[in-house]
Amino acid sequence: MTNQGAKILVCVAWPYANGEKHIGQIAGAYLPPDIFARYQRMAGNDVLMVSGSDTHGTPITLQAEREGLGAAEVVDKYHELFVEGCVAMGLTFDLYTHTDTQNHWDITQQVFRRHMANEFIYKEVQKQWYDPEAGRFLADRYVEGSCPFCGFAEARGDQCDNCGRLYDALELTDTRSKLSGSTDLEVRETEHFFLDLGALNEPLLEWIGSGKEHWRNNVLNFTQGQLNLKELRGRAITRDIDWGIAIPIEGYESKCIYVWYDAVQGYLSAAIEWAALSGGKWQDWWDRDLSPDARHYYFIGKDNIPFHTQIWPGMIMAYNDEVKADFESANIAGLSETAEPLTTARLNLPYDVPANEYLNFGGAQFSTSRGNVIGFNTVLEEFQADAWRYTLTAMAPETADTEFTWPDFVELVNNELVANWGNLVNRVLGFAFRRFDGAVPQPGELDATDEALLDEIRGGFDSVGALYEAVRLKAALQETRRLSQRVNQYLNEKEPWRTFKTDPQATATTVYVTLQAIDWLKLLWAPILPHSSEQLHQYLGYSDPLFGRLDTTDIEDDRGSHVVLRYDHGGACGVWQTQTLAAGQNLRKPGPLFDKLDPEVVLGEANG
RNA sequence: GGAUCGGUAGCUCAAUGGCAGAGCAAGGAGCUCAUAACUCCUGGGUUACAGGUUCGAGUCCUGUCCGAUCCA
């Protein structure tokens, strides 16, 4: 394709390290970027795909309390669980890290100071529930009381589970602390830092107003609709909590940075950590003056759209703005001595935010608390990764919520993946291996039917490539499946099992053409089905791998150690272009690419 | 309450304002290399509902209903 050597930053939503993720999250935010990144690498572009576990926020501390563990222990446990899942699914993060690292602290604190110096941060006093017994302010999730609307006694801090209404926690009555159980709570004043998003409404409107034609309708219209209201307002970036990143200003030791403010900066800090670990240059993707054409894609679920089309771009603009105050001499308490100064003048803004809707289950969203869940790690122990990759792409919620059912899973795997593609590979390879001494036969002259088939498959590198490029992954799957079917049709027309007895040369040509066709289809399928394409690549007699390797490493820093997942693309030979299959190339003894599912076993699994 | 997306065949989804389509499922036929897979044919529609604009509306406009997300 075009744009060879383009810098593509693939940003993937940061999941909370508070439990096993479910397949809805994988279908929405984690598998699509991997498919996109694998395609872009094959197309010859420089891809940097980063993400990590979100280690801060009340979801973490609440889970820690549930399990009787420290927050850091919960983080390590579920961070490593997710990393294991990524390895099993084959999610090729150039770096998957987490937010409780010295690097992420340093970057967050420097961006905070830069925002202050640019006068996009202000201080304000607000009122909040205080628990004298615990000696702490209570974040919304730590206070319960009676709903101001319906009187429900178990209402949470910001929303009532009974009537669903939202309110300010200060409106609750009969409040009690979830920390100490105390009902003797006070409202106290507390000072916090705010990001001045109101000042960013106009710049964001201008930014969203042009060059966004390639954005998905729902993402673009939603963002424009919100910004047109001109109701963006300051948002607190600090809280009265003790689990989080320290505020780099003296006198605020009892408070921490609010999780949302540091989490979105992970896209930047992870690129910087990647550079430190690999010797690469993160500025090639992030520096707007050095690499103005770098394209940043953010793969997220729809609930995250405001953060990635308004708040995070606003934070980048606030960073990029001309520095108004002297922040070099500003108070830098909390910044580590090893931190390298973040001197980049301007950072790149998002190029596209292909947010997905939700994959639901049982008529509702996946919900851990209601036990309505299909675990990411769990299912990979039971079924092949490529079976899930196919299914979750075929039912991807690209424009609307979709519903996962176990019978659909069985049908997609058995009637499409196995029947259309797996069976094609199996029949072609088996026939070729047995009838032509385990090697690619020498073809005779190709007739019009042969040429027509190869032309059509060759065209897939343009048609399917354009769909991957446009992040229309479901359509890319359908187009590739159509091309696979063309080979089945060709075989039925040519009937090599019949001509073999009467015309060996014609049979050799037919078998050569089909082997060439599946050799190319292997590449077209590779972004979605990397494991089976790699297997087929081996069956066809190649020795170099299509893709690189995933590895995990323990990294030590001033905050302790953390596991990182890294993808090494070196040695990968899969490229997005047709190459001629060499006649005479030795095949390896083939076997089925995919396991056919036993409906009784799968449905039994679903009920058990 | 506001912003936005979605509602199309049994299921999952497509269709610049221009003959409503594909895959799967269902019914029938052919084939036997293949994981009973493959190929061909057929049936299947009040495009949520009510209006409007237009030569022409699934598509644009107004209103209603249902589902979803975000913001209040």
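Proteins get letters first, then strands, A, B, ... in listed order; numbering begins at 1 in each. Quick note: numbers below take in every heavy atom, side chains included, and nothing from hydrogens, waters or symmetry partners.
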| said: Just N and O in the side chain of A/Gln226: are any of them under 4.0 Å from OP1 or OP2 of B/rA72? | reply: no
| task | With a 4.0 Å heavy-atom cut-off, tell me which residues in residues 528-541 of chain A come close to RNA chain B, sorted by residue number. | result | none
| message | Heavy atoms within less than 4.0 Å of RNA chain B: which residues of residues 12-30 of chain A have one? Give them sorted by number. | response | none
Mind checking the [atom1] distance from [N] to [M]? Whole angstroms is fine.
N      : M      : atom1 : value
B/rG21 : B/rG58 : C1'   : 12 Å
B/rG1  : B/rG44 : P     : 44 Å
B/rA9  : B/rA48 : C1'   : 15 Å
B/rA14 : B/rG52 : P     : 30 Å
B/rG7  : B/rU12 : P     : 12 Å
B/rG6  : B/rU16 : P     : 13 Å
B/rA22 : B/rG30 : C1'   : 23 Å
B/rA15 : B/rU69 : C1'   : 26 Å

| request: May I ask you to say what A/Glu493 touches in the nucleic acid, namely base, sugar-phosphate or nothing, with a heavy-atom cut-off under 4.0 Å? | output: nothing
| query | NA contact type, A/Arg481, heavy-atom cut-off 4.0 Å: base, sugar-phosphate, or nothing? | reply | sugar-phosphate
| side-chain hydrogen bond (donor to acceptor under 3.5 Å, both in side chains) contacts touching residues 432-442 of chain A (sequence neighbours left out) | none
| said: Do A/Arg472 and A/Leu477 make a side-chain contact, defined as non-hydrogen atoms from C-beta onward lying under 4.5 Å apart? | reply: no
| query | Would a 4.5 Å heavy-atom cut-off, applied to side chains only, mark A/Leu204 and A/Thr223 as touching? | reply | no
[X] (side chain) donor-acceptor with [Y] (main chain) under 3.5 angstrom:
X        : Y        : result
A/Thr514 : A/Val511 : yes
A/Lys212 : A/Trp207 : yes
A/Asn304 : A/Phe307 : no
A/Arg239 : A/Tyr258 : no

| Would one find more than 12 heavy atoms of other residues, nucleotides or ligands at under 6.0 Å from atom CZ of A/Arg235? | yes
| task | Flag yes if more than 12 heavy atoms outside A/Glu206 fall under 6.0 Å of its CD atom; otherwise flag no. | result | no
Taking all heavy atoms of [X] and all of [Y], pick out the closest pair and write down the distance.
X        : Y        : result
A/Pro33  : A/Val10  : CB-CG1, 3.6 Å
A/Trp520 : A/Leu454 : CZ3-O, 3.6 Å
A/Leu593 : A/Ser532 : CD2-O, 3.7 Å
A/Ala583 : A/Pro443 : CB-CD, 4.1 Å

| said: How many whole angstroms separate atom CZ of A/Phe361 from atom P of B/rU12? | reply: 15 Å
| request: Find the distance A/His308:NE2 to B/rC70:P and express it as a whole number of Å. | output: 14 Å
| task | Apply the test side chain to side chain donor-acceptor pair (under 3.5 Å) to residues A/Glu479 and A/Ser463: give CA-CA distance (whole Å), side-chain angles for both, the deciding distance (0.1 Å), then the verdict. | result | CA-CA 8 Å; A/Glu479 172 69 358; A/Ser463 61; 3.1 Å; yes
| remark: Expected string for nucleotides 30-40 of chain B under the B/S/- scheme (protein heavy atoms, under 4.0 Å, primed atoms plus P, OP1, OP2 as sugar-phosphate) is BSSBBB-SBSS
| task | For each nucleotide in nucleotides 4-11 of chain B, reading 5' to 3', give B when a protein heavy atom comes within less than 4.0 Å of its base, S when such contact involves only the sugar-phosphate, and - otherwise. | result | SSS----S
| said: As a quick check of understanding, evaluate side chain to side chain contact (heavy atoms under 4.5 Å, CB included) for A/Met395 and A/Leu359, giving each step before the final call. | reply: CA-CA 8 Å; A/Met395 50 174 70; A/Leu359 179 70; 4.0 Å; yes
| message | Let's test your reading of the pairing rules: Watson-Crick or G-U wobble, both distances under 3.5 Å, then write RNA chain B as a dot-bracket string with ( ), [ ], | and dots. | response | (((((((..((((....[..)))).(((((.......))))).....(((((..]....)))))))))))).
| request: Determine, for A/Tyr358 and A/Lys302, whether the Lys NZ or Arg CZ falls below 6.0 Å from the six-membered ring centre while staying within 45 degrees of the axis. | output: yes
| request: Find which nucleotide of RNA chain B each of A/Glu231 and A/Ala396 is nearest to by heavy atoms, and output the residue with the more 5' nucleotide. | output: A/Ala396
| message | A/Glu357 and side-chain contact (heavy atoms from CB on, under 4.5 Å): which single residue from A/Thr399, A/Asp303, A/Asn218 fits? | response | A/Asn218
